[in-house]
Amino acid sequence: MMQSDDDAVFRALADASRRELLDRLHAESGQTLRELCRGLAMTRQAVTKHLVILEEADLISSKRQGREKLHFINPVPIAAIAERWIRKFEQPRLAALSELKTRLEQQGDDT
């Protein structure tokens, strides 16, 4: 994933409405626009605009099925960001916890 791709994903994820649409697609992938709009306080046009931004960031894909367009979540860009930006920051913390566990177990053996 290139830097500009990361930027598009971060911009797409920055909006709460788009995150909600992703949550809905995570719960049930392959939804139509009508299904995604159900229960939202947004117009169909607003939802459509959000879906375009999500698709441009490669966070969702769509497929025509007859007259309907189905929307599917694509977790790959989020996983790439997690790998690049989140997991590397977790590693020192996990190493510190492992070291603490080892020390505590050694102290327990000394008593």
Side-chain angles (χ1 to χ4, degrees):
M1 178 176 282
M2 297 171 58
Q3 185 64 32
S4 62
D5 293 339
D6 284 354
D7 291 345
V9 172
F10 280 119
R11 275 192 301 275
L13 293 174
D15 185 89
S17 297
R18 290 192 284 272
R19 291 191 306 269
E20 183 173 358
L21 289 169
L22 286 173
D23 285 340
R24 287 171 170 240
L25 288 172
H26 179 264
E28 183 181 341
S29 204
Q31 293 186 61
T32 64
L33 177 60
R34 177 179 296 129
E35 291 168 329
L36 287 169
C37 288
R38 192 174 297 133
L40 291 178
M42 280 191 278
T43 64
R44 286 175 64 94
Q45 292 88 352
V47 173
T48 299
K49 286 180 183 180
H50 287 303
L51 291 174
V52 167
I53 292 168
L54 291 170
E55 198 158 6
E56 287 173 350
D58 202 27
L59 290 167
I60 65 169
S61 62
S62 59
K63 174 184 165 188
R64 286 243 171 241
Q65 185 173 21
R67 291 180 37 190
E68 295 185 314
K69 187 176 182 182
L70 304 178
H71 300 87
F72 300 89
I73 192 165
N74 177 17
V76 173
I78 294 174
I81 283 177
E83 186 66 36
R84 180 170 179 201
W85 293 103
I86 298 170
R87 289 196 182 103
K88 70 180 176 183
F89 295 105
E90 289 177 346
Q91 194 57 41
R93 188 174 326 140
L94 293 173
L97 286 173
S98 178
E99 184 179 329
L100 178 61
K101 178 181 180 279
T102 301
R103 279 195 218 159
L104 291 172
E105 288 172 348
Q106 288 172 349
Q107 286 177 356
D109 292 342
D110 293 341
T111 58

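- Residues L36 and M42 fall within the same hydrophobic cluster, defined by Ile, Leu, Val, Met, Phe, Trp and Tyr side chains chained together at heavy-atom separations under 4.5 Å.
- Partners of K69 under the side-chain contact (heavy atoms from CB on, under 4.5 Å) rule, at least two apart in sequence or in another chain, are E55, S62, R64, H71.
- Taking CG from L59 and CD1 from I78, the interatomic distance works out to 5.0 Å, rounded to the nearest 0.5 Å.
- Follow the hydrophobic side-chain contacts under 4.5 Å out from L70 and you never reach L51; the two are in separate clusters.
- A12 approaches A57 most closely through the heavy-atom pair CB-CB, 3.9 Å.
- Remark: L13 CG to I53 CD1 distance equals 11.5 Å, nearest 0.5 Å.
- With hydrogens and angles ignored, the 3.5 Å screen pairs a side-chain donor or acceptor of N74 with a backbone N or O of D58.
- Around CD of E105, the count of heavy atoms belonging to other residues, nucleotides or ligands within 6.0 Å exceeds 12.
- Clustering ILVMFWY residues whenever any of their side-chain heavy atoms sit less than 4.5 angstrom apart, transitively, puts V52 in a cluster other than the one holding L40.
- From Q31, atom CD reaches atom CD of E68 across 11.5 Å, with rounding to the nearest 0.5 Å.
- L21 has its side chain within reach of V47: a pair of non-hydrogen atoms, C-beta onward, lies under 4.5 Å apart.
- Under the salt bridge (Lys or Arg N to Asp or Glu O under 4.0 Å) criterion, R24 pairs with E20, not counting sequence neighbours.
- Between atom CG of residue L54 and atom CG of residue L22 there is a gap of 5.0 Å, rounded to the nearest 0.5 Å.
- Here the CZ atom belonging to F72 is positioned 15.0 Å from the NE2 atom belonging to H26, to the nearest 0.5 angstrom.
- With rounding to the nearest 0.5 Å, the separation of OG1 in T32 from CZ in R38 is 7.0 Å.
- What you find for G30 and E35 is that their closest heavy atoms are O-OE1, 4.2 Å.
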